[in-house]
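First up is the structure itself, then whatever we jot down about it.
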Amino acid sequence: VGAIDPNPLHRGRGLRLLRRHGVRAELGPCGGECRRLIEPFQRWILERRPWVTLKLAATLDGWIADHAGHSRWITGPAARRLVQQERRRADAILIGSGTARADDPILVPRPALGRRPWRVVADARGRTPPGARLLATLRKGPVLVAVAKDCPARRIRALRAAGAEVAVLPAACGGGVDLRALMAELGQRGVMHVLCEGGAELAGALIRAKLVDELLWFVAPLTLGVGRVAIAGPPQPLRRATRWRRVALQAAGDDVAIRLRPA
């Protein structure tokens, strides 16, 4: 057995049963690999919230788009194939309202290989257009728009009429949707793994809320000089910087994919 089931109702019970009946049962082979395999389930079963992977792609000088907001394509085909693998691992793909309006993405794995993840938009004011491609492709997966309680009722009605499920949640102190409430909502829906592909504002808000379990950072061999920041938010002194530890690094064509965890 590589890892014990983290569910408190079953934790180690099977091992004890086997041993009680004289079966030799060893715990530990490939333990690290097995524990990593079930991390999203462990987060969900113990805390009822999903495991969050934040994906960002940036140039060597740290920009995720040029000064005009163009980001297609900073990374090359190999890195983009890795992103599709991450989408197939996820139960939900999360973006913010800015990305929904600017990029009008569909947010499905290509190829899907049978996967139909939730497409989730954190959109406090309900500004996602009812004609967005997300809502025109509901056969590819359900769409959830998370709005704040002060969102205009007419926008909620328009989104629901277009086929979206709308979750009305508390607002965050600094604006936007309360992301902890959003993760609780997703957990109630059985979502165990969220892949965030939003922009700088959503990335910064998730990090400040300490909701990022894993950061997947793609570095492309480009320099822009001036562009759009990868992670937005109030400035922090160096002594209070969010620190990360590297757990994996791999080449993806000319790009590099770095997988990190909060230190």
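Side chains included, hydrogens not; waters and symmetry mates left out as well; all remaining heavy atoms used.
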Steps toward side chain to side chain contact (heavy atoms under 4.5 Å, CB included) verdict (L54, W217): CA-CA 8 Å; L54 171 61; W217 189 287; over 6 Å; no

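- One finds the CZ atom of R110 at 9.0 Å from the CZ atom of R80 (value rounded to the nearest 0.5 Å).
- Smallest separation of non-hydrogen atoms from C34 and G2: SG-CA, 3.7 Å.
- L222 belongs to a hydrophobic cluster whose other members, connected by ILVMFWY side-chain contacts under 4.5 Å either directly or through intermediates, are I74.
- No chain of hydrophobic side-chain contacts below 4.5 Å, direct or via other Ile, Leu, Val, Met, Phe, Trp or Tyr residues, connects I45 to L37.
- Using a 4.0 Å cut-off between charged side-chain N and carboxylate O, D213 and R43 make a salt bridge.
- Of all heavy-atom pairs spanning S71 and A65, the tightest one is CB-CB, 4.0 Å.
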Name every donor-acceptor pair, under 3.5 Å, that has one atom in a side chain of residues 243-255 and the other anywhere in the protein, sequence neighbours excluded.
{"residue": "D255", "atom": "OD2", "partner": "G76", "partner atom": "N", "Å": "2.7"}

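- One hydrophobic cluster, built from ILVMFWY side chains closer than 4.5 Å, cannot hold both L216 and L94; they sit in different ones.
- L159 forms part of a hydrophobic cluster together with I93, I95, L107, V121, L134, L135, L138, V143, V145, V147, I156, V166, V168, judged by ILVMFWY side-chain heavy-atom separations under 4.5 Å.
- Residues forming a side-chain hydrogen bond (donor to acceptor under 3.5 Å, both in side chains) with R24 (at least two apart in sequence, or on another chain): E26.
- Applying the side chain to side chain donor-acceptor pair (under 3.5 Å) test to residues at least two apart or on different chains, none of the pairs has a partner in residues 218-227.
- In terms of heavy-atom proximity, R35 sits nearest to A3 at CG-CB, 3.9 Å.
- T59 contributes a side-chain N or O that, together with a main-chain N or O of W63, makes up a donor-acceptor pair within less than 3.5 Å.
- Inter-residue side-chain proximity for S97 and R127 is flagged as met; some heavy-atom pair is nearer than 4.5 Å.
- Side chain of D104 to main chain of A132: no donor-acceptor pair is present (N/O by atom type, distance under 3.5 Å, no hydrogens or angles).
- Stacking of R49 on the aromatic ring of W44 is not recorded, the 6.0 Å distance cut-off and the 45° axial limit not both being met.
- Both L215 and I207 are members of a single hydrophobic cluster when ILVMFWY side chains are connected at heavy-atom separations under 4.5 Å.
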Let me have the donor-acceptor pairs involving side chains of residues 6-13, under 3.5 Å, with sequence neighbours excluded, atom names and distances please.
{"residue": "N7", "atom": "OD1", "partner": "L9", "partner atom": "N", "Å": "3.0"}
{"residue": "H10", "atom": "ND1", "partner": "R13", "partner atom": "NH2", "Å": "3.3"}

Candidate pair D91 and R115, rule side chain to side chain contact (heavy atoms under 4.5 Å, CB included), full reasoning: CA-CA 9 Å; D91 301 310; R115 295 288 288 165; 3.6 Å; yes

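- By the 4.5 Å side-chain criterion applied to Ile, Leu, Val, Met, Phe, Trp and Tyr, L18 is assigned to a cluster that also includes V23.
- Within the structure, the salt bridge (Lys or Arg N to Asp or Glu O under 4.0 Å) test picks out the following pairs touching residues 146-164 (sequence neighbours left out): R125-D150.
- A salt bridge is absent between D103 and R133: the closest approach of a Lys/Arg side-chain nitrogen to an acidic carboxylate oxygen does not fall below 4.0 angstrom.
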Just distance, no hydrogens or angles: give the donor-acceptor pairs under 3.5 Å from side chains in residues 193-206, sequence neighbours left out.
{"residue": "H193", "atom": "NE2", "partner": "T53", "partner atom": "OG1", "Å": "2.9"}
{"residue": "E197", "atom": "OE1", "partner": "R87", "partner atom": "NH2", "Å": "3.0"}
{"residue": "E197", "atom": "OE2", "partner": "R87", "partner atom": "NE", "Å": "2.9"}

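- Residues F41 and L15 are members of separate hydrophobic clusters, defined by side-chain heavy-atom contacts under 4.5 angstrom among Ile, Leu, Val, Met, Phe, Trp and Tyr.
- Following chains of ILVMFWY side-chain contacts shorter than 4.5 Å, one cannot reach I38 starting from V1, and the two form parts of different hydrophobic clusters.
- Within the 4.5 Å cutoff, no side-chain heavy atoms of Q42 are placed close to those of W51.
- The other members of the hydrophobic cluster of V108, by chain and number, are I106 (side-chain heavy atoms under 4.5 Å, ILVMFWY only).
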Quick one: side chains of residues 256-263, donor-acceptor pairs under 3.5 Å with protein atoms, not counting sequence neighbours, listed by atom name and distance.
{"residue": "R259", "atom": "NH1", "partner": "E214", "partner atom": "OE1", "Å": "3.4"}
{"residue": "R259", "atom": "NH1", "partner": "E214", "partner atom": "OE2", "Å": "3.4"}
{"residue": "R259", "atom": "NH2", "partner": "E86", "partner atom": "OE2", "Å": "2.9"}
{"residue": "R261", "atom": "NH1", "partner": "E39", "partner atom": "OE2", "Å": "3.0"}
{"residue": "R261", "atom": "NH2", "partner": "E39", "partner atom": "OE1", "Å": "3.1"}

Can you list, pair by pair, the side-chain donor-acceptor contacts under 3.5 Å of residues 175-187, counting residues two or more places apart and other chains?
{"residue": "D178", "atom": "OD1", "partner": "R180", "partner atom": "N", "Å": "2.9"}
{"residue": "D178", "atom": "OD1", "partner": "A181", "partner atom": "N", "Å": "3.0"}
{"residue": "R180", "atom": "NH2", "partner": "A209", "partner atom": "O", "Å": "2.8"}
{"residue": "E185", "atom": "OE2", "partner": "R189", "partner atom": "NE", "Å": "2.9"}
{"residue": "E185", "atom": "OE2", "partner": "R189", "partner atom": "NH2", "Å": "3.1"}

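- With hydrogens and angles disregarded, no donor-acceptor distance shorter than 3.5 Å links the side chain of D66 to the backbone of G227.
- Taking the side chain as every heavy atom from C-beta outward, P50 and P40 never approach each other to under 4.5 Å.
- Residues P111 and R88 meet the side-chain proximity criterion, which asks for heavy atoms closer than 4.5 Å.
- Of all the heavy atoms in L56 and A230, the pair that sits closest is CD2-O, 4.0 Å.
- In terms of heavy-atom proximity, A57 sits nearest to T75 at CB-CG2, 3.8 Å.
- Distance CZ/R208 to SG/C173: 11.5 Å, rounded to 0.5 Å.
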